[in-house]
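Working notes, structure below.
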Protein chains: 2
Amino acid sequence: MSVTIKDVARRAGVSPSTVSRVLSNHPRISAATARKVREIMEEMGYHPNLMAKSLVSKTTKSICVILPKPAEELFLNLFFMELIRGIVAQAARSGYDVLISSGANESEEVEAVARLVNGRRVDGAVLLYSRKDDPVVEFLQERKFPFVLVGRSERHPDILSVDTDNVQAAYDAARHLISLGHERIGFVGGPPNMVVSIDRMEGYRRALEEAGLPFRRDWVVEGEFLQDSGYRAMSLLMNLPERPSGMLVVDDFVTFGVIRGLNELGYKIPGDLSIVSFNNLALAELSSPPISSVDIGIYHLGYTASQTLIRWIEASPEERTPVRHIIPHRLIVRESSLYAPGGKA
Amino acid sequence: MSVTIKDVARRAGVSPSTVSRVLSNHPRISAATARKVREIMEEMGYHPNLMAKSLVSKTTKSICVILPKPAEELFLNLFFMELIRGIVAQAARSGYDVLISSGANESEEVEAVARLVNGRRVDGAVLLYSRKDDPVVEFLQERKFPFVLVGRSERHPDILSVDTDNVQAAYDAARHLISLGHERIGFVGGPPNMVVSIDRMEGYRRALEEAGLPFRRDWVVEGEFLQDSGYRAMSLLMNLPERPSGMLVVDDFVTFGVIRGLNELGYKIPGDLSIVSFNNLALAELSSPPISSVDIGIYHLGYTASQTLIRWIEASPEERTPVRHIIPHRLIVRESSLYAPGGKA
DNA sequence: ACAAGTTGTGCAAACGTTTTAACAATGACA
DNA sequence: TGTCATTGTTAAAACGTTTGCACAACTTGT
């Protein structure tokens, strides 16, 4: 049907091998032949069949990204999309295509990635935010299949990964509240099986400890990455006899819930409660009041993940050495944490 | 390296063709052979090489989705992600993989899709929200390459597409405001070269006309899909000598800007101004006040797009008939449009 | 017991590339 | 003038499948 390398060869009066060599800029092709062949390719509208190429080269020039289960946690969409954009942009620069895969649950996720890996359809995989023991990680690890983790694996520290220093990020955020004069600081976390939740909680703890402030279990609420989580957390916290004056909240979406809860209860932000959040999604800026949030460079995270993975894929086995990239974060201070406790400026 | 159909054949004492037939459930394979071959496949960990398969079948079992230029319009991320989820979910059900592609600008977009199409790397494409003349549409149309448009093409009405009836949606939204008693209704639109903007404006116009209300050019502001757009629109509108009491806003993100603007100017919603928005992104619910918004079933849109495309791909040429699917929309009324003009309940 | 179908399997070509090894032609060197 | 290296090209095998055709071995029906 469509024009192949043989057609071009015939028309140019050379062998298919020669055409192939022209395509790959082989050094031992005469300038004259090269020019002629290229002309004919143009004229005939030739485009190499990537499948055939893949078959012989055993390489697909594509990577996949595994989307964690969607379901309720729609909120992460903003995060993922930004990440994917980074990944796609970098991959395109390196001449790679990106496949998106997902599953309705963990075992479907493994199935989906297994299909791609076993079918040799991709050369590598990007895994997004992993839980503590991720079956996909296990699977790929065992197969020795190239992959990079956006996030961190507790169990496998010696893995290709790109991450935020969440401990430090939370530490910085807490320090910010402390430096404003807050002494009663609470924390609204995410799912306790996610590394990101654990790390942010740890940074929070350290900052308190270092400042000699109390780490109170009743000021720490774990939940999900949902706004409802934030809402419920507030109902709980604000009913305590002794309440925090500052809060760290694990994600901007959750913060939305927190703010809604506080509004309903009649509290003012930042007057009655100062809030610092994480991720700096578009929402943080849009909120009223705008939310102080730690920007973790999501696009950059994706971009670097893709780059790291592709470098690994293209490196010879002996050059391959597991590396962990930390993408710098930056606290963006907005209205939600402008005042000292009690509403003083 | 990895185990092929030949290895399995040898071990099972049959020919490769037989193994291949077992794989495809050919009717003329004896139950005994089939069982045996399957056993061996399992035992040896055989998985078919999809590239080789593609090469001979001239089919890749994958589709691509073309992401419009990213840049500033990050806000659309929520929209796209939801759409992609729908597409990926359906594609997976049909055994298809999904490639994401994008370009920094229009010509790069064409290049990106050309690479995939020319390289026979995908069997079809999903195009997201198109401008009035989309070069990618032209390209695919000319190549007779299967694709489905999420949205509508003015120039090519006879195209496979999945869409919202945006005229009707805007009409419904306007009717809602009218039924609340509003007689001065304004409109904040999107980029004037996007079909969606045009259609929503048209629905707005029709509802006004039908109700005998004035369509005033100075109450219509066109802009971009950015919150700043909404913010600026408000500065303009609220400085007019005669101001609208109700607004239709083309997207929830823009509405965020509108609300921020109104807040700063000291207006109350819905007391001073009632607002109805479109798309019902997660934000609409999170906003304070929560925004009335027309839910257009984005996931469903993606799901149907994928389904439509794949059906087309798998149909024989004579069965192929361009179809235009309209996904139903639904106005979700929230606080932002609870009152009649002047704040009466 | 024979023709005609049916059932199960194998051979070999095809899909569109890349790549190794071989070879012819040319030029350089002594 | 013969050897040797260099340069440009090709033939053919390989990558891992699918599939049309042929064929043998059974079933049927008569």
Side-chain angles (χ1 to χ4, degrees), chain A residues 1-38 40-41 44-62 95 115-123 314, chain B residues 1-38 40-41 44-62 95 115-123 314:
Chain A
M1 200 67 254
S2 57
V3 29
T4 81
I5 222 175
K6 288 183 190 172
D7 302 326
V8 176
R10 190 163 3 195
R11 180 86 151 263
V14 299
S15 78
S17 351
T18 301
V19 177
S20 171
R21 296 215 156 88
V22 169
L23 238 34
S24 53
N25 294 312
H26 189 101
R28 297 228 299 234
I29 287 289
S30 75
T33 331
R35 198 168 38 70
K36 174 158 189 188
V37 168
R38 273 192 237 282
I40 305 233
M41 291 194 311
M44 301 181 73
Y46 168 78
H47 295 278
N49 181 318
L50 300 182
M51 293 300 151
K53 201 171 193 152
S54 284
L55 182 55
V56 28
S57 71
K58 289 175 175 320
T59 228
T60 62
K61 288 284 199 172
S62 38
R115 249 177 44 83
L116 296 174
V117 170
N118 289 330
R120 296 117 183 127
R121 208 176 174 110
V122 294
D123 299 340
E314 296 187 338
Chain B
M1 198 69 252
S2 58
V3 29
T4 81
I5 223 175
K6 289 185 190 172
D7 301 326
V8 175
R10 190 164 5 202
R11 180 88 152 262
V14 298
S15 79
S17 351
T18 301
V19 177
S20 170
R21 290 200 242 264
V22 169
L23 238 34
S24 53
N25 295 312
H26 190 101
R28 301 231 295 238
I29 288 290
S30 76
T33 327
R35 199 167 39 68
K36 174 156 188 191
V37 168
R38 273 193 239 279
I40 306 230
M41 291 194 311
M44 301 181 73
Y46 169 77
H47 294 278
N49 182 318
L50 300 180
M51 293 301 150
K53 201 170 193 153
S54 284
L55 182 55
V56 29
S57 71
K58 288 175 175 319
T59 228
T60 62
K61 288 284 200 175
S62 38
R115 250 178 42 84
L116 296 174
V117 169
N118 288 331
R120 297 123 186 118
R121 208 180 177 105
V122 293
D123 299 340
E314 296 187 338

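Quick note on labels: first sequence line is chain A, next is B, and so on, each numbered from 1.
Across its full length, the helix from C:dA1-D:dT30 to C:dA30-D:dT1 shows an angle of 50° between the axes of its 5 terminal pairs at either end, rounded to 10 degrees.
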Legend entry - Trace of the side-chain hydrogen bond (donor to acceptor under 3.5 Å, both in side chains) decision for B:S17 with B:S20: CA-CA 5 Å; B:S17 351; B:S20 170; over 6 Å; no
Inset, instruction - Assess whether side chain to side chain contact (heavy atoms under 4.5 Å, CB included) is satisfied between B:L23 and B:M41, documenting all intermediate values. - result: CA-CA 10 Å; B:L23 238 34; B:M41 291 194 311; 3.4 Å; yes
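With A:D123 contributing its side chain and A:T60 its backbone, the two residues share a donor-acceptor pair below 3.5 Å.
Applying the side chain to side chain donor-acceptor pair (under 3.5 Å) criterion to A:S30, with sequence neighbours excluded, gives A:T33. Listed by chain and number, the residues in a side chain to side chain donor-acceptor pair (under 3.5 Å) with B:R10 are B:D7 (sequence neighbours excluded). For B:K53, the salt bridge (charged side-chain N to carboxylate O under 4.0 Å, His left out) test picks out no residue, with sequence neighbours left out.
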Interface polar pairs with nucleotides 8-12 of chain C, N/O, under 3.5 angstrom:
residue: C:dG8; atom: N7; partner: B:R28; partner atom: NE; Å: 3.2
residue: C:dG8; atom: O6; partner: B:R28; partner atom: NH2; Å: 3.2
residue: C:dT9; atom: OP1; partner: B:T33; partner atom: OG1; Å: 2.6
residue: C:dT9; atom: OP2; partner: B:S30; partner atom: N; Å: 3.1
residue: C:dT9; atom: OP2; partner: B:S30; partner atom: OG; Å: 3.3
residue: C:dT9; atom: OP2; partner: B:T33; partner atom: OG1; Å: 2.8
residue: C:dG10; atom: OP2; partner: B:S15; partner atom: N; Å: 2.7
residue: C:dG10; atom: OP2; partner: B:S15; partner atom: OG; Å: 3.2
residue: C:dG10; atom: OP2; partner: B:T18; partner atom: OG1; Å: 2.6
residue: C:dG10; atom: N7; partner: B:R21; partner atom: NH2; Å: 3.3
residue: C:dG10; atom: O6; partner: B:R21; partner atom: NH2; Å: 2.3
residue: C:dC11; atom: N4; partner: B:S17; partner atom: OG; Å: 2.9

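The side chain of A:K58 contributes no N or O atom lying less than 4.0 Å from OP1 or OP2 of C:dT18.
Interatomic distance, B:S54 OG to A:R121 CZ, rounded to the nearest 0.5 Å: 5.5 Å. Here OG1 of A:T18 is found 5.0 Å from CD1 of A:I29. Values are rounded to the nearest 0.5 Å. Taking CZ of B:R120 as the start and CE of A:M51 as the end, the distance is 10.0 Å to the nearest 0.5 Å.
Shortest non-hydrogen contact noted between B:Y46 and B:I5 is CE1-N, 3.5 Å.
Less than 4.0 Å separates DNA chain C from at least one heavy atom of each of the following residues of residues 46-55 of chain B: B:L55.
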